[in-house]
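First up is the structure itself, then whatever we jot down about it.
First the proteins, then the strands, lettered A, B, ... as listed; each starts at 1.
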Protein chains: 4
Amino acid sequence: MVEAGSAARRGRPRSEAARSAVLTAAAELALEGGPAAATVEAIAKRAHVSRTTIYKWWPSAASIVLEGLLDAVRASITRPSGSTSVQALVHHVSSLNAILADPAVGPLLRNVIAASTSDPAIERAVLDQWIAPRRAAVAVTLREAVDRGELPGDVDIEVAVDALVSPPYYRLVLGMPPLAAEAVDRLVETVWSGCRH
Amino acid sequence: MVEAGSAARRGRPRSEAARSAVLTAAAELALEGGPAAATVEAIAKRAHVSRTTIYKWWPSAASIVLEGLLDAVRASITRPSGSTSVQALVHHVSSLNAILADPAVGPLLRNVIAASTSDPAIERAVLDQWIAPRRAAVAVTLREAVDRGELPGDVDIEVAVDALVSPPYYRLVLGMPPLAAEAVDRLVETVWSGCRH
Amino acid sequence: MVEAGSAARRGRPRSEAARSAVLTAAAELALEGGPAAATVEAIAKRAHVSRTTIYKWWPSAASIVLEGLLDAVRASITRPSGSTSVQALVHHVSSLNAILADPAVGPLLRNVIAASTSDPAIERAVLDQWIAPRRAAVAVTLREAVDRGELPGDVDIEVAVDALVSPPYYRLVLGMPPLAAEAVDRLVETVWSGCRH
Amino acid sequence: MVEAGSAARRGRPRSEAARSAVLTAAAELALEGGPAAATVEAIAKRAHVSRTTIYKWWPSAASIVLEGLLDAVRASITRPSGSTSVQALVHHVSSLNAILADPAVGPLLRNVIAASTSDPAIERAVLDQWIAPRRAAVAVTLREAVDRGELPGDVDIEVAVDALVSPPYYRLVLGMPPLAAEAVDRLVETVWSGCRH
DNA sequence: TTCTAATCGAGACGGTACGTCAGGTCTTCTC
DNA sequence: GAGAAGACCTGACGTACCGTCTCGATTAGAA
């Protein structure tokens, strides 16, 4: 999709100012007034960008919010070097929980997840670009623990990942209060020791 | 909402036929065409009921779907007598998972949860009438296990409930495949033994 | 199209206020700013009527202008009793010329004729409801003159009608100055005596 | 607009291929799909020319159609030498009628006339470059007849011209069937003898 | 031969209006 | 008084063209 260096491109280049204004406006509107407020029309007006330009680059308002979200939390999956498996898991789940509890991120993600119900493209993007990499990070940590003999070889990784990452999403999506930090610790400990029999 | 016997009521009584036709039409439309298809307009047309009547009794299309949902799975929370704690938990989580995986229920609930994002009334109703009773059933079972000494007294019930019930919702809402029956078994076993240290 | 007395009609009746506000607004806009100004959007705004209501009753902006035009000049075809054939023809052509030269009518008709180029429905309506009755009035007068022996029996009525009524339209549509009253007199005299050989 | 010989112009010269491709494409589109089809966008696409180029040379789609029209029928006004006045008039009106009835010309002219309603530049061009020369040819013939004593000196030339040339335009613009050849003959005879008293 | 001036093509952009859809409200008549 | 029918307003949708604006590529005469 992106040319390698030289590639001369004809025509007027895309306006980066317009793109970022749209992303910002969408996020602000969604945070202020909920998903219903982030219409293409309102975004265009606030971003001082024409509606046609928006439709040229994005298929729906939800896709704009999603792109802004992915931009904002890009590279937020880190694994602390020199730590025990449990510490690594706590780090993963804690940072996931923190992101979802962040008042500037959680509501946006909730909107996007709601939109994914009626828009397969959004659903795919959420799964591929948001869910999958985060599940993978947890799964890798668990598999390394199995390799090191810390966990038995018959552990069902998928089930363990589900138990670890579901609660923050569940609470976000249903409008329940987010997990406290200590609750996250207990959750990880419970699942970890449950995996060891 | 429903009066007790005596009140006599003047005028034409509410049509039960209209109510059930509306609920059925809403469910069918939502299953056939997703959330976007279950508009008040379409429901009215399919149910052969006037739009005015619908607006008189329900505030939104989502509330109709929710009411139909609650009608359909009323009294679906049962606890098998004469069973071990683990068996009871497996029963609870399995039946929850089965309901959410049911192609006639899951999509509807997913719609309603999506609608709860932008409608506080729906959010409240989902929490109070759907989520709370099911969490309570699991929590009661866990507390009984603590009382019987099967689990230590310092178990964090809320965390354990989260770990047990979140995965089916998480998978439903994100459009992932539902948990297999054996995965449910392993999930309960993992959390149960994790709670025992 | 309209029911005779009894018919009782269910539902909210059509708003006559809205209809006339739309017709007035369309005429005003078309007179002020030319055909390009009389958009459905602008008409709706000026008439304080919603766009949807307009689309419910009219298929296009031009059809609104046309309806207003037909309303305004309804029953404008009269034939003076007790007059010679030539006087009757002068009357017909003069009043046609006056209407087309009327600054409150001519421009509107010109707009509608322009719209008829790209809209067959408008074209049909103009021919049937505007052109045909006026041609018929002239043709009747000519045929009566033939019957009375004032004109020979082999006169080509259609050709004579064309010669009499075309010039005012021609001048209107091309933006030329309208015919003066005396020019109309001379036109009728010329065609009349030309028909007598 | 056109340079006097020598001037030599620097820079890339205007592409004649582009010009004629645009004129052809505009005519084809207008004939196929009516005035609404001949948009600048569609013309550009069919002519394989960029929109910018079109806007550089023409102010509107209608002006393109008009230019093509004038190109096509240039020098179509001829007067047959050695003929009576009536024959010359019949020749003029017949060829005008034939041009307007030509399925490759009439619809285009009708489009352009419609566009003249909302575009003063088009209106001017139509009057100056299309209408005026044709009226002049007829008027000259009539004046020669007066000079030769075939017509009385008090003939109103303008009125006579109107009566002769209006009908074909009138019928074209309103979508009526064109005049038959014999009808043209009768029209000229009627007006001619009407002018002689 | 390089400059320089004009063209042409490609495509992004801000706009305006389109015609449609759904949400809600209101008015009238019927059961 | 409930319900049906239907007119109405509001607001957003996604699309089509408009006319303007950068760009780069091309083509010639002029320095």
Can you measure [X] atom [atom1] to [N] atom [atom2] for me and round it to whole angstrom units?
X	N	atom1	atom2	result
C:Arg14	F:dC9	CZ	P	11 Å
C:Arg10	F:dA5	CZ	P	5 Å
C:Lys45	F:dC9	NZ	P	15 Å
C:Ile54	F:dT10	CD1	C1'	14 Å
A:Ile43	F:dA12	CD1	P	11 Å

Distance-only, no hydrogens or angles: does the [X] side chain make a donor-acceptor pair with backbone N or O of [Y] under 3.5 Å?
X	Y	value
C:Arg51	C:Glu41	no
B:Thr24	B:Ser20	yes
B:Arg110	B:Val173	yes

Inset, instruction - Assign each of B:Lys56 and A:Arg12 to its nearest nucleotide of DNA chain F by heavy atoms, then name whichever residue's nucleotide is nearer the 5' end. - result: B:Lys56
Legend entry - Upstream residue (5' side of DNA chain E) when A:Ala18 and C:Gly11 are each assigned their closest nucleotide: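 Result: A:Ala18.
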Legend entry - Between OG on residue D:Ser63 and CD on residue D:Glu67, distance to nearest 0.5 Å: 7.5 Å
Inset, instruction - Considering just the side-chain nitrogens and oxygens of C:Trp57, establish if one lies under 4.0 Å of OP1 or OP2 belonging to F:dC8. - result: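 So the side chain of C:Trp57 is within the cut-off, an N or O lying under 4.0 Å from OP1 or OP2 of F:dC8.
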Legend entry - B/S/- contact track for nucleotides 15-22 of chain E, protein heavy atom under 4.0 Å: B-BSBBBB
Inset, instruction - Using a 4.0 Å heavy-atom cut-off across all strands, classify A:Trp58 as base, sugar-phosphate, or nothing. - result: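 Touches nothing.
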Legend entry - Qualifying residue, where the test is side chain to side chain contact (heavy atoms under 4.5 Å, CB included) with A:Val65 and the options are A:Leu31, A:Leu29, A:Leu108: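 The option that passes is A:Leu108.
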Legend entry - Cationic N near anionic O, under 4.0 Å, D:Asp71 to D:Arg19: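 Counted as a salt bridge, because a side-chain N and a carboxylate O are separated by less than 4.0 Å.
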